[in-house]
*Asks:* 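Structure incoming, see below.
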Amino acid sequence: MTVPSHELPRRVLCALAAGGGGPVAVRCLRDAELSRTRLLMHHIVERSAAVRHPHAALVGRAFAVLLDVERAAAASVVALLAHPAVAAWAVHTVRTLHGAQPDGANPGFMAAVAASAAARAGLPALVDVPANPDGGRHIALPGVGWFDAGAAALLRLRTGPGGEPEPVAVPAGGGPRWHPAVRIDTTHDGLRLAADLDFASWHHALGAAYCAERGVGPGEPEPDRWRDGLAAAWALLGSHHRGTAHEVAAALRVLVPLADPAQGTTSSTFAGAFGAVALSAPAGPRTTALALAHELQHSKFIVLARLHPLLGEEAPGELYYAPWRSDPRPLGALLDGAYAFLAVARFWRTQRLVEADPQSKDEADVQFHRWAGATHDVAQMLLRHPALTDMGRFVTARMLARVHRWRQEPASERAAAAARDAAAAHLAEWRRTHPHGADAWYSSSTLVACRTP
């Protein structure tokens with residue numbers, strides 16, 4: 001496996017710094033993540049052997065199968081290594097293999113990656129794939145499907161031209177049930193969104209306990225509900241937020257279903273998994289479209305900050321007020337949040353112009369002013385912080401310039417006043433619940449920082 005070096009072209013870096021970038025920037029970020037995953041895969045093989053992990057021999061055999069598949073069908077291996085669950089697993093596994101309890105790592109997922117690559121390529125292979133070591137009945141092949149394996153700790157799978165893996169040895173008590181990957185595939189105005197609806201791979205990638213804590217779906221979701229909800233959200237993005245839609249189409253590969261909240265939509269991003277969005281079942285086109293735009297922006301920032309460090313050394317224990325959170329945040333998370341809420345402000349900036357219903361239009365206008373103002377204030381504060389690197393200041397200045405231009409556009413004073421009132425109420429509540437803010441290094445700002453007591 002060859003691993004190229006990566007450097008963002010100047011024009012791509014400038015576009016990303018201002019919150020955009022388009023499909024070209026997405027491809028640059030994805031290629032950089034792919035190279036990182038390749039390096040981690042090599043290291044997992046070596047480290048598993050060095051710490052004498054129980055699956056070390058299995059991992060070595062699986063990696064050999066993966067190399068064989070790459071020689072015959074390189075595109076299948078590239079597709080698998082670019083799968084967000086594989087990237088997240090590689091990061092998590094290397095970290096665990098270097099931790100105090102390396103036996104708790106799950107390097108055996110390498111076999112699932114190898115079996116998936118062979119199955120996608122329609123090539124013959126025989127691979128022993130272990131179950132998730134910390135519980136669960138899933139033996140998942142990312143991008144292909146998953147087995148409900150019952151009590152089986154390992155399945156020997158045969159792949160071939162049929163494309164569907166076949167278990168060679170059936171465990172006692174009945175054979176495993178195969179579930180092919182659920183695909184979301186929708187097109188609007190010539191722009192296609194295609195992604196897997198995948199919960200099972202994440203139980204291997206990050207562990208069943210991690211998934212349970214974050215509400216990753218415990219069972220197979222309702223495909224029709226997801227397809228209908230995503231189609232409606234995609235029509236909204238494709239019709240009115242075309243730039244964002246192009247980025248989402250280029251980036252999104254996996255939707256990870258989360259448990260439904262009491263109302264609205266819950267979403268999040270995995271730090272090591274570019275191209276994945278964790279999302280509760282679609283609750284409405286506007287909410288779902290906004291969640292996709294917001295989470296994609298987090299993903300872009302994570303890779304950008306990995307390629308070009310934006311922060312130097314931070315003061316230990318220093319936390320800051322974030323206008324979009326009720327809890328204090330470290331500086332890096334504040335910068336990440338500002339970048340993400342630049343996309344939120346951009347969404348509402350457009351949405352306020354396309355809403356037909358007066359009440360919805362007014363609501364969108366308020367939301368635009370609320371988050372444009374919050375992003376502007378945070379970016380101003382961040383530019384004064386000594387921990388920012390030169391690249392960090394460049395990115396923050398580009399963000400600030402973009403949102404400053406937006407705020408100069410003609411606006412409804414009523415909406416702007418409502419946004420200011422909401423911001424003031426949020427800050428007042430935060431001051432009440434975090435009195436240590438008065439001891440901040442930058443306490444003269446409306447954005448209050450606090451040191452942990």
Side-chain angles (χ1 to χ4, degrees), residues 23 26 83-85 138 140 142-146 148 177-203 211 214-270 273 275-299 343-344 347-348 350-351 354-357 359-361 363-364 367:
V26 167
H83 192 286
H138 310 121
V144 180
W146 59 281
D148 183 345
R177 291 192 299 117
W178 171 248
H179 302 260
V182 176
R183 191 77 169 160
I184 304 293
D185 198 328
T186 184
T187 300
H188 180 79
D189 196 15
L191 194 57
R192 181 186 180 203
L193 177 68
D196 290 335
L197 188 59
D198 182 2
F199 75 93
S201 296
W202 299 87
H203 285 253
C211 290
R214 284 153 182 81
V216 174
E220 195 167 9
E222 305 169 55
D224 289 343
R225 180 183 178 192
W226 280 84
R227 289 190 180 104
D228 292 346
L230 264 297
W234 190 241
L236 174 61
L237 286 174
S239 296
H240 303 300
H241 305 266
R242 197 72 177 178
T244 298
H246 275 289
E247 288 192 353
V248 172
L252 189 64
R253 292 294 174 267
V254 171
L255 289 161
V256 185
L258 299 178
D260 289 348
Q263 60 181 9
T265 297
T266 301
S267 65
S268 63
T269 305
F270 300 107
V277 170
L279 188 69
S280 57
R286 198 171 68 170
T287 304
T288 304
L290 176 59
L292 292 176
H294 181 188
E295 300 304 339
L296 170 64
Q297 197 78 348
H298 276 301
S299 293
V344 172
F347 178 89
W348 290 116
T350 299
Q351 196 62 29
V354 301
E355 292 285 358
D357 174 65
Q359 184 175 346
S360 298
K361 186 178 183 69
E363 177 192 349
Q367 292 293 318

*Asks:* Only counting residues at least two apart or in another chain, list the ones meeting side chain to side chain donor-acceptor pair (under 3.5 Å) with E355.
*Replies:*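 With neighbours one apart ignored, the set is R286, Q351.
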*Asks:* My understanding is that only residues two or more places apart in sequence, or in another chain, count here; which of them pass side chain to side chain donor-acceptor pair (under 3.5 Å) with T287?
*Replies:*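 So T287 forms no side chain to side chain donor-acceptor pair (under 3.5 Å) with any residue.
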*Asks:* What's the separation between atom NE2 in H294 and atom OG1 in T265, rounded to the nearest 0.5 Å?
*Replies:*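 Rounded to the nearest 0.5 Å, the NE2-OG1 separation comes out at 13.0 Å.
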*Asks:* Does some side-chain heavy atom of L296 sit less than 4.5 Å from a side-chain heavy atom of V277?
*Replies:*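 Of all side-chain heavy-atom pairs linking L296 with V277, none is under 4.5 Å.
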*Asks:* Closest heavy-atom contact between W234 and A245?
*Replies:*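 That would be CH2-O, 3.2 Å.
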*Asks:* Do any N or O atoms from the side chain of D260 and from the backbone of A262 form a donor-acceptor pair under 3.5 angstrom?
*Replies:*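 A pair under 3.5 Å: no.
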*Asks:* Roughly how far, to the nearest 0.5 Å, is the NE2 atom of H246 from the CG atom of L237?
*Replies:*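 One gets 11.5 Å once the value is rounded to the nearest 0.5 Å.
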*Asks:* Is there a side-chain contact between L197 and P257 (heavy atoms, below 4.5 Å)?
*Replies:*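 Answer yes - side chains close enough.
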*Asks:* Quick one, L258 and V216 - any side-chain contact, counting heavy atoms below 4.5 Å?
*Replies:*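 They are in contact (side-chain heavy atoms under 4.5 Å apart), so the answer is yes.
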*Asks:* Which heavy atom in E247 sits nearest to a heavy atom in P23, and how many Å separate them?
*Replies:*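 Taking every non-hydrogen atom into account, CG-N, 4.5 Å.
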*Asks:* To check you understand the geometry: which heavy-atom pair defines the closest contact between A293 and A343, and what is its length?
*Replies:*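 Closest heavy-atom pair between A293 and A343: O-CB, 4.0 Å.
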*Asks:* Can you check whether H138 and W146 have ring centres sitting under 6.0 Å from each other?
*Replies:*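 Yes, the ring centres sit under 6.0 Å apart.
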*Asks:* For a 4.5 angstrom cut-off between non-hydrogen side-chain atoms, does W226 reach T288?
*Replies:*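 Sidechains of T288 and W226: no contact.
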*Asks:* Quick check: closest heavy atoms across P84 and A276, and the distance to 0.1 Å?
*Replies:*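 Taking every non-hydrogen atom into account, CB-CB, 3.4 Å.
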*Asks:* To the nearest 0.5 Å, tell me how far D196 CG sits from H83 NE2.
*Replies:*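 One finds 5.5 Å between CG of D196 and NE2 of H83.
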*Asks:* The criterion is side-chain contact (heavy atoms from CB on, under 4.5 Å); which residues satisfy it with T269, sequence neighbours excluded?
*Replies:*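 Here the qualifying residues are E295, H298, S299, I302.
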*Asks:* Can you give me the closest heavy-atom contact between T350 and H240, atom names plus distance?
*Replies:*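 Residues T350 and H240, closest heavy atoms: CG2-O, 3.1 Å.
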*Asks:* Does a side-chain heavy-atom distance below 4.5 Å link L292 with L230?
*Replies:*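 When only atoms from C-beta onward are counted, L230 and L292 do touch, with a gap below 4.5 Å.
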*Asks:* Could you check whether the rings of W202 and F270 sit parallel, tilted or perpendicular, using 30° and 60° as the cut-offs?
*Replies:*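 Parallel.
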*Asks:* Spell out, as yes or no, whether a donor-acceptor pair under 3.5 Å connects the side chain of R227 to the backbone of R183.
*Replies:*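 Side chain of R227 to backbone of R183: a pair is present.
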*Asks:* Might you point out which heavy atoms bring P285 and L236 nearest each other, and give the distance in Å?
*Replies:*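 Smallest heavy-atom distance, with atoms named: O-CD2, 3.8 Å.
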*Asks:* State the NE2-CG distance between H188 and L193, to the nearest 0.5 angstrom.
*Replies:*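 The distance works out to 12.5 Å.
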*Asks:* Is H241 close to V248 at the side-chain level, that is, under 4.5 Å between some pair of heavy atoms?
*Replies:*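 No - every pair of side-chain heavy atoms lies 4.5 Å or more apart.
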*Asks:* Is there a side-chain contact between L191 and R242 in this structure, where contact means two heavy atoms from C-beta onward sitting under 4.5 Å apart?
*Replies:*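 L191 vs R242: side chains touch.
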